[in-house]
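Note that the coordinates shown come from a computational prediction; the quantities given were computed from them, not determined experimentally.
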Amino acid sequence: MALRDDLVRSEWLAAHIALRAIIGHVGGPDVARQTFAVTERGKPYLAQSPYAFSLSHAPGVALIGLTTGWTIGVDIERHREVRIGEVRRAGIEAAAEHLSADVLQCDPTMRFLQAWVRIEALAKADGCGVGRMLTRLGVRGGAVSPPSADASRLGADIAVFAARARAVLAGADQDVELADQATSPVAPVRGASVLTVVDLALGDGLYAAVASEAGAGRVVCRRLPDHLEGIEKLFG
């Protein structure tokens with residue numbers, strides 16, 4: 001257990017050093033020296049910087065998101081067996097399916113993991129936390145019933161999850177009644193960020209997604225060296 005803890009600690013430290021190195025490279029030494037602040041909801045940020053960032057890590061890999069003048073959230077998972085109740089799984093997958101234009105996998109494990117990273121990335125971009133995001137999407141709290149096994153009701157059940165997802169992406173889910181969401185287009189709330197979620201094809205048994213504000217531009221992925229010396233050389 002101690003060796004495992006040491007490995008996790010080392011990977012965590014490497015990911016945060018890499019984040020600092022990237023921020024310093026794009027923002028300069030003044031930005032690099034800033035201390036991370038935290039919002040009331042626990043989302044880290046740089047108070048005196050135009051850059052927004054997000055960090056996620058899984059065993060042996062990290063994903064860093066960086067953007068200018070927008071919010072961003074990223075999440076990454078490695079392929080692994082997932083133990084979760086069928087009702088909860090169905091709700092998560094139904095909600096996540098409508099967060100992105102990308103198609104979820106057919107394989108049950110791959111489908112769930114890709115669904116999960118979408119929700120995690122969205123929660124990070126929004127800053128509300130994954131528990132609150134699951135509630136807003138109708139997965140938790142009993143606001144929405146999970147998709148029914150009854151084929152005659154399946155379409156209506158999925159429509160409610162789809163409406164919830166649209167409302168969350170538009171920042172309007174706090175102010176729109178659930179009954180209206182299922183039948184009406186959702187307009188963005190004034191001052192709210194309209195978010196989009198995109199899957200990232202990273203290969204090697206990895207599942208990843210990025211959530212950012214609509215209009216933030218194309219997502220560009222770069223693989224960084226897996227050791228500090230290489231990162232310093234790249235950005236030095």
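- Note on residues 203-213: pairs passing salt bridge (Lys or Arg N to Asp or Glu O under 4.0 Å), not counting sequence neighbours, are D204-R223.
- The closest side-chain heavy-atom distance from V220 to R218 is below 4.5 Å.
- Between the CD atom of E93 and the CZ atom of R88 there is a distance of 12.5 Å, given to the nearest 0.5 Å.
- Residue L66 holds its CG atom at 8.0 Å from CG of L19, rounded to the nearest 0.5 Å.
- Under the 3.5 Å distance criterion, the side-chain polar atoms of S56 are left unmatched by any main-chain donor or acceptor of L63.
- Closest approach of K43 and I72 over heavy atoms only: NZ-O, 3.2 Å.
- Across G73 and S54, no two heavy atoms sit closer than the pair CA-OG, 3.4 Å.
- Rounding to the nearest 0.5 Å places OG of S49 at 10.5 Å from CG of D30.
- Using a 4.5 Å cut-off on side-chain heavy atoms (C-beta onward), F112 and D107 make no contact.
- In terms of modelled atom types and a separation under 3.5 Å, the side chain of E77 and the main chain of Y207 share no donor-acceptor contact.
- By the rule that hydrophobic residues join a cluster once side-chain heavy atoms approach within less than 4.5 Å of another member, M110 and I84 end up as members of one cluster.
- With rounding to the nearest 0.5 Å, the separation of CG in L169 from CG in L137 is 8.0 Å.
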Check: residues 116-130 side-chain donor-acceptor pairs under 3.5 Å, at least two apart:
from : atom 1 : to   : atom 2 : distance (Å)
W116 : NE1    : E120 : OE2    : 3.4
R118 : NE     : D199 : OD1    : 2.9
R118 : NE     : D199 : OD2    : 3.4
R118 : NH1    : A96  : O      : 2.9
R118 : NH2    : D102 : O      : 2.8
R118 : NH2    : D199 : OD2    : 2.7
K124 : NZ     : L55  : O      : 3.4
K124 : NZ     : V74  : O      : 3.0
K124 : NZ     : D75  : OD1    : 3.4
D126 : OD1    : R136 : NH1    : 3.3
D126 : OD2    : C128 : N      : 3.4
D126 : OD2    : R136 : NH1    : 2.8

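- In this structure, R111 and E97 have side chains that are in contact, with non-hydrogen atoms separated by less than 4.5 Å.
- Connection of L104 to L99 is not established within any shared hydrophobic cluster, with ILVMFWY side chains joined at heavy-atom distances below 4.5 Å, either directly or through further cluster members.
- Linking ILVMFWY side-chain heavy atoms closer than 4.5 Å, directly or via other members, places V197 and V219 in two distinct hydrophobic clusters.
- In summary, the aromatic rings of F161 and H98 are positioned with their centroids too far apart to meet the 6.0 Å limit.
- Distance check: I17 CD1 to I22 CD1 gives 12.0 Å after rounding to the nearest 0.5 Å.
- Of the inter-residue distances, the one linking L195 atom CG with S212 atom OG reads 7.5 Å to the nearest 0.5 angstrom.
- Contact between A52 and T71 at its shortest, heavy atoms only, is CB-CA, 4.2 Å.
- If you chain together hydrophobic residues whose side chains sit under 4.5 Å apart, L224 and I23 fall into the same group.
- Residues V194 and V198 are members of separate hydrophobic clusters, defined by side-chain heavy-atom contacts under 4.5 angstrom among Ile, Leu, Val, Met, Phe, Trp and Tyr.
- Formation of a donor-acceptor pair under 3.5 Å by the R78 side chain with backbone atoms of P59 is found in this model.
- Aromatic rings from Y51 and Y45 are positioned such that their centres are separated by 6.0 Å or more.
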